[in-house]
Amino acid sequence: MGASRSRTENPEIQDLSDQTGFSSEQIRILHRRFRQLSGDEETISKENLEKIQALDKNPIRNQIIEAFFDKRNQKDGKVGSFEEIGFEQFVKVMSHFRPPNLKMTDEDKEAMRREKLRFLFNMHDTDNDGTITLDEYRKVVEELLSKSGAIGPDVAKAISDAAMLEVASINMPHMEPDDFYEGITFEHFEQILKGLEMESRMNIRFLDVDTSTMHCGKSQ
Amino acid sequence: MAPSPRLSHVSVVVMVVLMVLLVLASASHGAAAGGEASPHGAAGGTNVTHKKAFPVLSLKYDHVKTPFEISLWILLALLMKLGFHVIPRVSQVVPESCLLIVVGLLVGGFIKAIGEKAPALDDTLFFLYLLPPIILDAGYFLPIRPFTENVGTILVFAVVGTLWNAFFMGGAMYAVCRLEGGPLAGVDLLSCLLFGSIVSAVDPVAVLAVFEEIHINELLHILVFGESLLNDAVTVVLYHLFKEFSHVGTVTVVDALLGVVCFFVVSLGGVMVGAIYGILGAFTSRFTSHTRVIEPLFVFLYSYMAYLSAEVFHLSGIMSLIACGVTMRPYVEANVSHKSYTTIKYFLKMWSSVSETLIFIFLGVSTVAGPHAWNWTFVVVTVLLCLVSRVMGVVGLTFIINKFRIVKLTKKDQFIVAYGGLRGAIAYSLGFLLPDHQMKTLFLTAIITVVFFTVFVQGMTIRPLVELLAVKKKKESKRSINEEIHTQFLDHLLTGIEGVCGHYGHHHWKDKLNRFNKEYVKRWLIAGERSTEPQLISFYNKMEMKQAMMMVESGSSAKLPGLISMQNIQPKAESRERTIPKISKGREEEIRKILRANLQKTRQRLRSYSRHDLMVDPFEDMNENLSEMRFRKQRVEMERRMSHYLTVPANRQEASPVRRVRFESDHGLDQDYTSTESSGVRARNVGPTSSSSDAISVLDESPPLRPSRRSGTQATDSGEEETRDQRTQSRRLSDPGPK
């Protein structure tokens, strides 16, 4: 099934490649990884991802796993979350982490940056209401600090409060004392993270060469 | 604008006076030497001592000659630096380094005109005294994140690029010499290669001096600068290799292989020596909490020792110094007091600034002084070849590097990297160190010309070129807490995604290193509780401290209108009203009065955006006076709390967080300034708890403070009392009280 399948998959791979920007070789490698994770099934569920050892020590493990199943990251306008995802959805989520290439114009880079920021925003905005409220932000900070030992919830609250304060001061500098800042909208989010240059930072190296045979069986 | 022409006139006059003084000093050095001889002669000659008049005023210059001259030089250098900034137009067009070289030329000209011997850029002076402060400053404040993200690219440029430059230049010069014949015919291949290796290295001093003023983006800055630092190993090896071989005359394959091995030994050995001294320094700083005043000295001395130790073994001193600074810094900064940190920063900046100024002036003076052998062909070809080989090297290497980089280097980037390859004083000093050689003066002249060309032409034109090409500039904004949170978030996210993808990339190893650092290294090298503090929290504390200092400096009565406060982001506490307990009218009135009073106080404080109500200046006298005041306050508050609490039921609404900011004083006392949040209004006070907390405890309640954590942070017995107080307080707060 293996060899012949890759032949018949060609138009699908081409299609995916056009949609996401990966090369065919990269898609094939990702497919191999997908099958490894899913145990040769067609779809993966949250349990499959939770089994990955490399994610064990990661403080934001749950958010990462959630992000794969988040419908908003599929860019087709739906909200909610999947129970299981297929390979196409998997690759679409991965495509958020592609680096910019040399031929991109400045508008392309802007669009890419917005896409990546949108991904981050969706990770923070867990209730899908389009803003990151103080509680949601607090949760983010708590998760970040969760694996760093016994930190009290008060410290996380203080940090997230200071952060919200900063967002509010930058984006709405002339608020009256009685106004209430609802939450961070996507525009404000873009504004505060402008300096970080997401398009050059939020990237991982997608292999062009298949190294799955070089693993000592640790990556699963 | 009226004062500035006058000021510039004054400064010019001062400079002229100083230069004259300097010239006189070196002249009188000759005169004094002469004058020394005669009194001795006279005293020896006449045995009969006839009474001389008591010398009311006598000249005894020799005694103070050396320090006097050194101080005069440094003073001159610094006044020049001052002068340039007073004259506005010049400093915007011409980089400071060029101006300083011109001044050096003038001074050298003066001295030569008088017929005295000008001091040359002695290599001991340069390598042992002038260069280390600059490198230490660069290494200590090296931005680690961009450096490690680009370390592969930097290494390729530094090692392969420099090797390419050296061999290409050496080979091409040899070919030219052969072709030209005449006076150049005697130059053999090995000498040319030696020359090539001296001239090929990008100079950190020059790069720093020029790039400091053009503010290009971080990536390009770290690429060129990192390359200039790391190519020292290559330069050292090549230089010694070719110097040895020019003696012997021939090179065998074994020698070449040994050269390669030598390179690894020199570079890795240098880094190791630096790292060892760095760890020693970090470890020492762990125990300096009682002797804060000498903390900066440890940093400087350990680093200097690292440099000297590496030089002893002919290892790369620069790499050792960088490794020492980089290793030491995170731990030392966690251990030392804030004042020591400021001292370290300012001393390093000061020394490196003085060194840089002196280097450029001396470069000018030595140019005038040194023997020169001008040969048009040789010099012109050298300059041209430098440019050509640099461009070829950068373009070729980028082509290969881009295959491995995630974010590729564009043509603009390549141009800046190539154009920023400045040569400087290191090349000149290495040339000076050459053994006396028939071609030495020829080489020296060529080196000086290349240095002048790169510093003047490239240095002056790089700024307009950067504007013209619209190269991205450095973002000026300082780090915000949002950026810090998201940088950390991104790190974990990317590591996680790499894990999902299944390959061990850059992030995976970085994460492993961080975890190793946190679990083992930090415990050993950082004193007290800060060893377990996550980075986000230390960043946050640092930010708090900075803001508090800003407040103190600007005066706490500064009113900044229209600023956002906690009221704006805290959700309205509509729902809380429902759960207010039933209490007597009288009690309610009392509480309301207290609340109002506190709200007014805090609103005022909020309007003035004072993050800390500093009733005492914490930076002045952080010793027993302050803790006494705290005790007094504490006692007052305890009493108030007791009287309130015994009549009020406790209801747990929202846990008011307790914020702590730590100031470390010179005497090792940790002052905790806490703030308690109460129903959306932030009230801050000096002292462990705020007075409003007792009133607000009707509606909210401070969480049972974690006494174990607090006790860990108290360094003195004042702390013990505090924790005891807090424990009693928390016990009282959790007391349900009468229903």
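The chains referred to below are lettered A, B, ... by the order of the sequence lines, with proteins before strands, and numbering in each begins at 1. The structure displayed is predicted, hence computed values, not measured ones. FYI, side chains are in, hydrogens and waters are out, and symmetry mates aren't considered; it's all heavy atoms of this structure.
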What residue in [options] has the most heavy-atom pairs under 4.5 Å with chain B?
| options | value |
| --- | --- |
| A:V141, A:T133, A:I64 | A:I64 |
| A:M123, A:R98, A:R61, A:Q63 | A:M123 |
| A:L49, A:V140, A:I60 | A:I60 |
| A:L55, A:V93, A:N203 | A:N203 |

Item to check | B:H486 versus A:L120, closest heavy-atom pair with distance | outcome: CD2-CD1, 4.5 Å

Next on the checklist: Please classify the contact between A:F68 and chain B as side chain, backbone, both or neither, with a heavy-atom cut-off of under 4.5 Å.
Outcome noted: side chain

Item to check | CE on A:M164 to CD1 on B:I481, rounded to 0.5 Å | outcome: 13.5 Å

Checklist outcome for this item: Output for pair (A:K57 NZ, B:K512 NZ), nearest 0.5 Å, gives 7.5 Å

Indicate every side-chain donor-acceptor pair of residues 488-502 of chain B with a distance under 3.5 Å to a residue at least two apart or in another chain.
residue	atom	partner	partner atom	Å
B:Q488	NE2	B:Q535	OE1	2.8
B:D491	OD2	B:R145	NH2	2.9
B:T495	OG1	B:D491	O	2.6
B:E498	OE1	B:G505	N	3.3
B:E498	OE1	B:H507	N	3.4
B:E498	OE1	B:H508	N	3.1
B:E498	OE2	B:H507	ND1	3.3

If you count the non-hydrogen atoms of other residues, nucleotides and ligands that lie under 6.0 Å from [atom1] in [X], is the total more than 12?
| X | atom1 | result |
| --- | --- | --- |
| A:K92 | NZ | yes |
| A:E83 | CD | no |
| A:K194 | NZ | no |

Checklist outcome for this item: Turns out that what part of B:D511 lies under 4.5 Å from chain A's heavy atoms comes down to neither

Checklist entry - Which region of B:L409, side chain (C-beta onward) or backbone (N, CA, C, O), has a non-hydrogen atom less than 4.5 Å from a non-hydrogen atom of chain A, or is it both or neither? => result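 Interface part for B:L409: backbone (N, CA, C, O).
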
Item to check | Expected output: side-chain B:N482 to main-chain A:I192 donor-acceptor under 3.5 Å | outcome: no

